Structure formats: structure tokens, C-alpha cells
Amino acid sequence: MMGKMRMHSASWRAATVLASVLLVGTMAACGNSDTGGGGTKDDGKITMGFSQVGAESGWRTANTTSIKESATAAGIELKFDDAQQKQENQIKAIRNYIQQKVDVIAFSPVVESGWDTVLKEAKDAGIPVILTDRSVDSADKTLYKTFLGSDFVKEGKLAGEWLVEQKKTATGPVNIVELQGNTGAAPANDRKKGFGEAIAANPNLKIIASQPGDFTRAGGKQVMEQFLKANKQIDVLFAHNDDMGLGALEAITAAGKVPGKDITIITVDAVKDGMQALADGKFNFIAECSPLLGPQLMDLAKKVHAGETVPARIETEETTFTQEQAKEALPNRKY
Ligand code: GZL
């Protein structure tokens with residue numbers, strides 16, 4: 001009997017230990033405020049999982065600052081991931097946020113395509129998704145609640161229309177080189193489209209070379225060096241963002257040409273360094289693309305979390321700048 005009892009008490013102790021281990025393990029798996037587990041916190045705070053493109057440009061830096069500061073101001077718990085311009089990193093981050101059961105996922109898709117599978121996983125998990133800055137080409141619009149960002153086709157169109165006006169008296173060919181953003185990115189595809197459609201108004205305006213510079217200064221400089229080597233006469237540079245234009249300045253100067261005079265330079269964004277180059281006469285025109293999306297994003301997250309209907313598309317308000325307008329605007333620029 002004793003033996004059995006002993007056995008019984010020993011097996012009882014084992015069962016107790018096992019139950020305790022299982023209980024602790026279950027708690028850890030579910031997560032909690034200490035382990036960064038997802039979902040609305042006990043204090044009712046909304047948790048947002050955000051996947052950022054990377055840190056490739058001054059625009060991106062300003063956009064990240066706007067998102068982080070706005071999350072704090074809105075009392076939203078922000079989980080932030082920098083994808084270093086790689087789609088697979090964004091998909092991984094979104095899957096992590098789904099695992100952590102965050103309340104809302106927001107991201108700026110580095111490229112337009114290849115998102116349906118992971119967005120369906122988020123939808124099946126009941127986690128709403130907000131697109132910010134860039135959009136996706138998914139046919140299923142139920143995969144996300146809204147797209148908050150600029151109209152990139154319009155930005156390219158405004159850049160092209162300014163050039164058409166500037167060159168309306170040209171009697172011969174006007175040779176244009178184009179620095180594109182990263183391949184497959186919505187701003188690269190759409191700015192190219194808008195600019196190309198606008199300059200078609202004047203057959204003298206010809207794009208003689210167009211290559212990706214990946215929205216970085218290094219990319220802009222490297223590709224502009226190639227353009228200058230391969231093309232004897234370049235009259236205009238259209239860069240899809242300020243950073244590539246700023247990188248190109250180094251190549252243009254090194255080639256003994258005067259930026260803003262020998263080569264007319266048109267860019268997009270209007271970040272501080274770009275506006276300074278414009279005010280200094282090195283750039284000639286900038287179409288603005290505001291990175292300050294944080295406040296609107298957090299407001300949308302609260303509405304979506306509360307189950308409110310939000311507009312499917314919210315377009316950022318922005319303008320354009322000439323050299324004179326840049327001089328006036330610079331002192332008050334927020335980014
Ligand atoms: C535009 C944004 C682009 C900027 C670039 O909304 O996605 O990406 O124009 C940035 O500067 O790298």
C-alpha cells in the first residue's frame with residue numbers, strides 16, 4: 001500500500017510540476033504587456049504593427065519621424081519594423097504582427113505587387129490593414145481598409161507640365177534623362193507615367209535614358225555618372241526624388257557642368273536639402289510629396305479599430321516649388 005502511496009505521492013508531485021510548467025508556458029505563449037504580446041492592452045491602448053520601407057531617403061526619415069511621434073501623441077502602442085527596402089522583410093514583419101495579434105497593421109509597400117497572400121492572412125485573422133504612402137495592385141480591395149498617400153501620377157504630371165512650359169520655344173530636341181525610384185514601386189511607376197504623358201505635348205522633349213537609382217543619393221550619383229558618360233548632350237534631369245537629384249549633382253559638377261543651368265533639374269519630394277538646392281539655383285523645380293502622414297494615420301487607426309467606416313482613398317495635399325518659392329518657404333519647412 002505504502003509503495004503504491006509513495007508511487008501515488010511521487011506521481012502526484014510529477015503531475016503538479018507538469019501542470020505548473022504547462023500553466024506558465026500557456027501564459028507566456030499568450031503574451032502580455034511585459035512580453036510585448038499583441039492585441040488591445042488591458043488599459044485599452046491600441047497596438048499598431050507598422051512595416052516601413054526602409055531608411056533610403058530624407059523623405060523616408062521624415063515619414064518615420066512623423067509616424068513615431070504621432071503614435072506617441074495618439075497613445076497608440078507602435079511596433080515598428082524597417083524592411084531595408086526588401087519586400088520579404090515586410091511580409092515577415094506583417095506575419096509577426098498577425099502572430100502577436102496586434103489591433104491594426106499599417107505599412108508602406110516597397111513595391112506594388114505580391115501582397116495578396118499575406119494581406120489575406122491578416123484579413124482571415126481579423127486584423128484591419130491600412131496602406132500609407134504607397135499602394136498595392138491587389139484586385140481585392142477588401143484586403144485593406146484605406147490608402148492614405150499622394151497621387152504620384154499627378155506629381156509626375158506637374159513636373160512634366162512645368163518643363164513643357166519652360167521649353168515651349170525650343171526649336172530642336174531637348175534631351176531628358178530620368179532617375180527612377182526602385183523598380184516596381186508605385187511612386188516610380190506613377191511618376192514616370194505622369195511625367196511621360198505630360199511631356200508628350202511637345203515632341204521636342206525626348207527621354208533619351210531612364211534607369212532606377214532606388215531613391216538613394218548613391219544610386220542617383222552612380223546612374224547619373226553613367227548617363228553623362230553615355231550621352232554627349234543632356235539638357236534635363238528628371239529625378240523621382242530629391243535624394244537621387246542631390247546625388248546626381250555630384251556627378252554633374254564632377255563632369256564640369258553647372259547644375260540648374262547646363263542641365264535643368266526637376267525632382268519630387270521637397271525635403272529640406274532638396275529645397276535648399278532649389279533655392280541655391282542647383283535644382284529648377286520640385287513637385288512636393290509630403291511625408292507628414294503620421295497624424296492622419298493614427299486617426300484612421302482609431303476609427304478602423306472602433307469599426308467606423310473610413311474613405312477607401314485619402315489623398316495627401318501638396319504643391320510645387322520654383323526657385324523663388326523655395327527661398328520663401330525654406331524657413332518654415334517642417335521636414
Ligand atoms: C513617396 C515615397 C518615396 C519618396 C522617396 O511617397 O514613397 O519613397 O518620394 C522615398 O523619397 O524614398
Side-chain angles (χ1 to χ4, degrees), residues 50-67 82-87 89-90 106-113 115 130-137 146-159 178-195 212-223 237-249 265-278 283 285-297 313-321 333-335:
F50 189 92
S51 169
Q52 180 60 293
V53 164
E56 73 282 359
S57 62
W59 189 98
R60 191 63 54 194
T61 304
N63 180 245
T64 291
T65 302
S66 174
I67 285 158
D82 172 337
Q84 296 167 337
Q85 291 217 75
K86 291 186 174 63
Q87 180 173 28
N89 290 345
Q90 290 199 288
F107 77 115
S108 170
V110 61
V111 291
E112 285 189 287
S113 305
W115 301 100
I130 297 174
L131 298 182
T132 167
D133 167 29
R134 301 181 183 180
S135 189
V136 299
D137 61 8
T146 183
F147 164 41
L148 163 65
S150 303
D151 179 342
F152 303 130
V153 174
K154 189 196 287 185
E155 291 167 349
K157 184 168 175 283
L158 290 168
E178 181 180 30
L179 288 169
Q180 299 175 34
N182 59 287
T183 303
N189 294 337
D190 291 353
R191 286 169 186 167
K192 180 171 184 49
K193 179 174 188 288
F195 183 78
D214 290 347
F215 285 127
T216 65
R217 293 194 187 203
K221 180 182 178 189
Q222 190 184 2
V223 176
L237 162 63
F238 172 49
H240 289 182
N241 80 331
D242 292 340
D243 285 68
M244 291 192 291
L246 292 163
L249 285 183
I265 299 179
I266 306 166
T267 67
V268 186
D269 279 352
V271 295
K272 199 159 281 179
D273 289 348
M275 290 288 273
Q276 191 60 61
L278 183 59
F283 285 179
F285 186 78
I286 302 183
E288 185 184 39
C289 177
S290 175
L292 306 181
L293 302 174
Q296 284 174 287
L297 174 60
R313 176 75 174 95
I314 299 155
E315 188 180 321
T316 319
E317 286 178 24
E318 46 208 32
T319 182
T320 58
F321 294 96
R333 290 301 282 174
K334 292 190 193 133
Y335 63 93

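Keep in mind that what you see is a predicted model, and the values were worked out from it rather than measured. Indexing begins at 1, ligand by ligand and atom by atom, following the structure's order.
- Using a 4.0 Å cut-off between charged side-chain N and carboxylate O, R191 and E178 make no salt bridge.
- Remark: ligand 1 atoms within the under-4.0 Å shell around heavy atoms of F215 are 5 (C), 12 (O).
- Separating the OG1 atom in T320 from the CD1 atom in I266 is a distance of 11.5 Å, to the nearest 0.5 Å.
- Note: an N/O pair closer than 3.5 Å links S57 and ligand 1 by distance alone.
- Heavy atoms of E155 found under 4.0 angstrom from ligand 1: none, in either backbone or side chain.
- Checked by atom type and distance alone, the side chain of D243 pairs as donor or acceptor with a backbone atom of G58 at under 3.5 Å.
- Proximity of a side-chain donor or acceptor of D242 to a complementary backbone N or O of V271 within less than 3.5 Å is detected.
- When the options R60, Q90, Q85 are evaluated for a side-chain hydrogen bond (donor to acceptor under 3.5 Å, both in side chains) with Q52, the one that passes is R60.
- Of the protein's heavy atoms, E56 OE2, 2.5 Å lies nearest to atom 12 (O) of ligand 1.
- Numbered from 1 in the order shown, with element, the atoms of ligand 1 that lie under 4.0 Å from a heavy atom of P187 read 7 (O).
- In terms of protein heavy atoms, atom 8 (O) of ligand 1 is closest to R134 NH2, 2.8 Å.
- For ligand 1 and F152, the ligand atoms under 4.0 Å from any heavy atom of the residue are 1 (C), 6 (O).
- Look at G149 and you'll find every heavy atom at least 4.0 Å from all atoms of ligand 1.
- Under the 4.0 angstrom criterion for non-hydrogen atoms, C289 is in contact with ligand 1.
- Nearest-residue assignment for atom 6 (O) of ligand 1 (options N63, D133, T316, L293; heavy-atom criterion): D133.
- Ring-plane geometry between F215 and H240 is classed as tilted, the angle between the planes lying from 30 to 60 degrees on a 0 to 90 degree scale.
- Between D214 and the options N182, L179, N241, a side-chain contact (heavy atoms from CB on, under 4.5 Å) holds for only N182.
- Residue D269 places a heavy atom less than 4.0 Å from ligand 1.
- A donor-acceptor pair is defined here as one N or O able to donate and one able to accept, closer than 3.5 Å; no such pair exists between the side chain of R134 and the backbone of F107.
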